[in-house]
Amino acid sequence: MVKVKLPGGIEKTYRENTTVEQVAKDLGESCYDKAVAGKTNGTLVDLSFPLTKDTSLSVITEDTPEGLDILRHSAAHIMAQAVQRLFPGAELGIGPTIENGFYYDFRLDRPLTQEDLEKIEAEMSKIIKENLAFERQLLRCEEAIKKMGEIRQPFKVELLKDMEEEEAISLYRQGEFLDLCRGPHIFATGRLKAFKLLSVAGAYWRGKETNPMLQRIYGTAFFNREDLERYIQLLEEAKRRDHRKLGKELQLYSFREDCGPGLVLWHPKGARIRNVIERFWCDEHYKRGYEIVYSPHIAKASLWHTSGHWDFYRQSMFAPFELETSQYLVKPMNCPFAILIFKSETISYRDLPIRLAELGTVYRYERSGVLHGLLRVRGFTQDDAHIFCTPSQLEGEVIGVLELAQYMLSSFGFREYEMELAIRGKGEKDKYIGSDKNWEAAETALKRALEYKHLPFVVGEGEAKFYGPSIDIRIKDALGRGWQGPTIQVDFNLPERFDVNYVGPDGKEHKVVMIHRTVLGAMERFLGCLIEHYAGAFPLWIAPTQVKVLTIKETHADYANSVKASLQEKGLRVQCDLRNTTIGYKIREGRMEKVPYLLIIGDKEVEQGSVSLRSREKGDEGSLSTDALLVRLEREIKEKL
RNA sequence: GCUGCUGUGGCUCAGGGGUAGAGCGCGUCCUUGGUAAGGACGAGGUCAUGGGUUCAAAUCCCAUCAGCAGCUCCA
């Protein structure tokens, strides 16, 4: 007999070799129907797993993330089986689950097409109908290698050769298909009810650029069709929110082939949004004790030799050019300029911290395949700042930056973001510059600042830049892809290289500590995420056009213009639509432009000296006076609603 | 950079070896309209660029450029 500890403190005894499935059945019909796998002493196991000793056990059901993960993993196997049936000789790479689905990598003798995906889906449906059981088998490593060699799976053999210390290798078989896999899996292929293959893309074997490129098929799976439908709708909603689509529709910005890839042209409406944000940004920085500076777009190459960028970053810089007798470079970073400003006079410890902020436009030669709308470009404006302080001021400054970053993000309605503390990798100290003492001090300061602010974060070991640790904040786009926005980096490198000092109380020179930081990231990337975040429907304080005045007849033009003038006088961004067309048409256009407020002007309004208000959120709200409207709008702007 | 797909008027897209189509937008005119599209007429494209195959290329082939999905990269 074995004792089984179940969730909720229940303990039961079963005969030895009772399976997880039998326990689930014993726990009741509803548990059994939804059971996918089990978890004994923290390890996931198949439903067919026999209990041989006392253990804790929980049944993994359909409605848990783990259950879904198992289903998707099995879906990946079923897909691989289908591919092997349709493409005999296909070599398998790996096939894991990912956040919203799964993928599997294959080496095939020809590229896959969209039609192939449909055929593979059809074959998968057949396999599901066959309801093949997933059978687990344990082999010694050399046996597994032999087996994978026999069925001509060189990638699997390669994987196995790295697993030689492991005692036993588990393989899973369903029908004629055999795969190396840790498991667990669903009981049989028939359990998969709802799946869809989404796309094909190239992927390097084991993620290494020098390895052969395999074909990766992405797909997703759910326990029922409704969930799958919901997910597909989510993808479509994401497409609607895509900043590249909205940017065009709302005439915010463009890229032109004759201008160059990754180089943004900001159209008037996009520029208005950017201007609102930048003004807000400047005000907030002055309030918090920053000074704002400007620096040139090009500088002598020697500056970048001193900074070390030429040595470490050259491949991402635009080529140097000669002017008079000197080499010049387009700047990829703003930091050297801040340093030169700092160094332009002798600084006492009494002057510190000095915070120099700059909306600095930098140019980086990003590889062609990585460009992505506004989110990854070749010319962009960092909302940069460099803080020069003493070691003892470091932690307090980091806290100040965290507060500012949080305030900025929350002002734009970003509630969800991920924080990472990027620290040195262990055992590769030569990759980093600076003393152990400095690193430890900086890592501690960053960590303590995060803890002080009670911010959840993950530690990214080995993710630090060569010159110092950092806190990186990732914000998400419509598809949930994370993009690095705000970042706080401690730097020991540049103060050394540029010999940046202050005079201490002892009258001697000391090295400053330098913090590089952004609180939005870059204007381009931030705007891109912002467009998707609001799906183009910007809150009043950001909207490029805040109010549109629509006339019913041409005779209302004078009154409409006077309404516009009185709103404009209060700083509102107002447009009139005086065209000779129907009111329905003008409203439709205003709606599609996502203007927060439309004012309809007809005989009634002219007579009463009022406006008829139509809000983006509520529609027709009836008439009110211009003054009452102003009060409402000003409040909404002030509170950034 | 790598793999695959795509590239037709300002936008969205159809077509496809015999020298171009729709809707929206734009212009002119008619209409004077009350909360998501009133009507008529018209202008606008060397079908991304450069080669090749062919009697003939926007259509087939190759290269280049750009975009998209992903991989790699992101100091």
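No experiment lies behind these values; they were computed from the predicted model shown.
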Out of B:rU32, B:rG1, B:rG34, which nucleotide sits closest to the side chain of A:Glu554?
B:rU32
Atom pairs under 3.5 Å: protein N/O with N/O of nucleotides 35-39 of chain B:
unit_1, atom_1, unit_2, atom_2, d
B:rU35, O3', A:Arg614, NH2, 3.3
B:rU35, O2', A:Arg614, NH2, 3.3
B:rU35, O2, A:Arg614, NE, 2.8
B:rU35, O4, A:Ser612, OG, 2.1
B:rA36, OP2, A:Arg614, NH2, 2.9
B:rA36, N7, A:Arg591, NE, 3.3
B:rA36, N6, A:Arg591, NE, 3.2
B:rA36, N6, A:Arg591, NH2, 3.0
B:rA37, N7, A:Arg588, NH1, 3.2
B:rA37, N6, A:Arg588, NH2, 2.4
B:rA37, N1, A:Arg588, NH2, 2.7
B:rG38, OP1, A:Thr582, OG1, 3.3
B:rG38, OP2, A:Thr582, OG1, 3.1

Between A:Tyr467 and A:Arg216, which is nearer to the 5' end of RNA chain B once each is assigned its nearest nucleotide?
A:Arg216
Quote, to the nearest angstrom, the C1' distance that separates B:rC11 from B:rU32.
30 Å
How would RNA chain B look in dot-bracket form, 5' to 3', counting Watson-Crick and G-U wobble pairs with both distances under 3.5 Å and writing | for bases paired to another strand?
(((((((..((((....[..)))).(((((.......))))).....(((((..]....))))))))))))....
Nucleotide nearest A:Val370 when distance is taken to its side chain, options B:rG33, B:rC71, B:rG4
B:rC71
When all nucleic acid strands are considered with a 4.0 Å heavy-atom cut-off, which category describes A:Gly207: base, sugar-phosphate, or nothing?
sugar-phosphate
Quick one: which protein N/O atoms are closer than 3.5 Å to N/O atoms of nucleotides 40-46 of chain B? Pair and distance per line, please.
none

To the nearest angstrom, how far is A:Leu375 atom CG from B:rC74 atom P?
18 Å
Does some side-chain heavy atom of A:Lys300 sit less than 4.5 Å from a side-chain heavy atom of A:Gln327?
no
Atom-pair distance (CE on A:Met213; P on B:rC5), nearest Å:
14 Å
Say you pick atom P in B:rG4 and the same atom in B:rC47; how far apart are they, in whole Å?
27 Å
Assert: residue with more 5' nearest nucleotide on RNA chain B, out of A:Leu112 and A:Asp603, is A:Leu112
Using atom P in both nucleotides, what's the gap between B:rC55 and B:rU46 to the nearest angstrom?
28 Å
Contact under 4.0 Å: A:Arg244 side-chain N or O vs B:rA69 OP1/OP2:
yes
Proximal nucleotide (of B:rG67, B:rG70, B:rC73) relative to the A:Ala201 side chain:
B:rG70
Using the C1' atoms only, state how far B:rC73 lies from B:rU3, rounded to an integer number of Å.
16 Å
Determine the minimum heavy-atom distance between A:Cys576 and A:Asn561, stating which atoms define it.
SG-OD1, 3.7 Å
A:Leu117 CG to B:rC5 C1': how many Å, rounded?
12 Å
Starting from P on B:rG70, measure out to CD on A:Gln114 and report it in whole angstrom.
14 Å
Is A:His372 near enough to B:rA69 that one of its side-chain N or O atoms lies under 4.0 angstrom from OP1 or OP2?
yes
For atom P, what is the distance between B:rA57 and B:rA48, given to the nearest Å?
15 Å
Scan A:Lys248 against the nucleic acid and name what it touches under 4.0 Å (heavy atoms): base, sugar-phosphate only, or nothing.
sugar-phosphate
Using side-chain heavy atoms (C-beta onward) and a distance below 4.5 Å, is A:Arg314 in contact with A:His309?
no
So how far is it from A:Leu329 CG to A:His297 NE2, rounded to the nearest 0.5 Å?
15.0 Å
Taking the six-membered ring for Trp, are A:Phe342 and A:Phe337 closer than 6.0 Å centroid to centroid?
no
Using the C1' atom on both, measure B:rC5 against B:rG9 and round to a whole Å.
24 Å
Honestly, is A:Arg72 close enough over A:Phe102, meaning NZ or CZ under 6.0 Å from the six-membered ring centre and within 45° of the axis?
no
So does A:Arg579 get a side-chain nitrogen or oxygen closer than 4.0 Å to the phosphate oxygens (OP1/OP2) of B:rC26?
yes
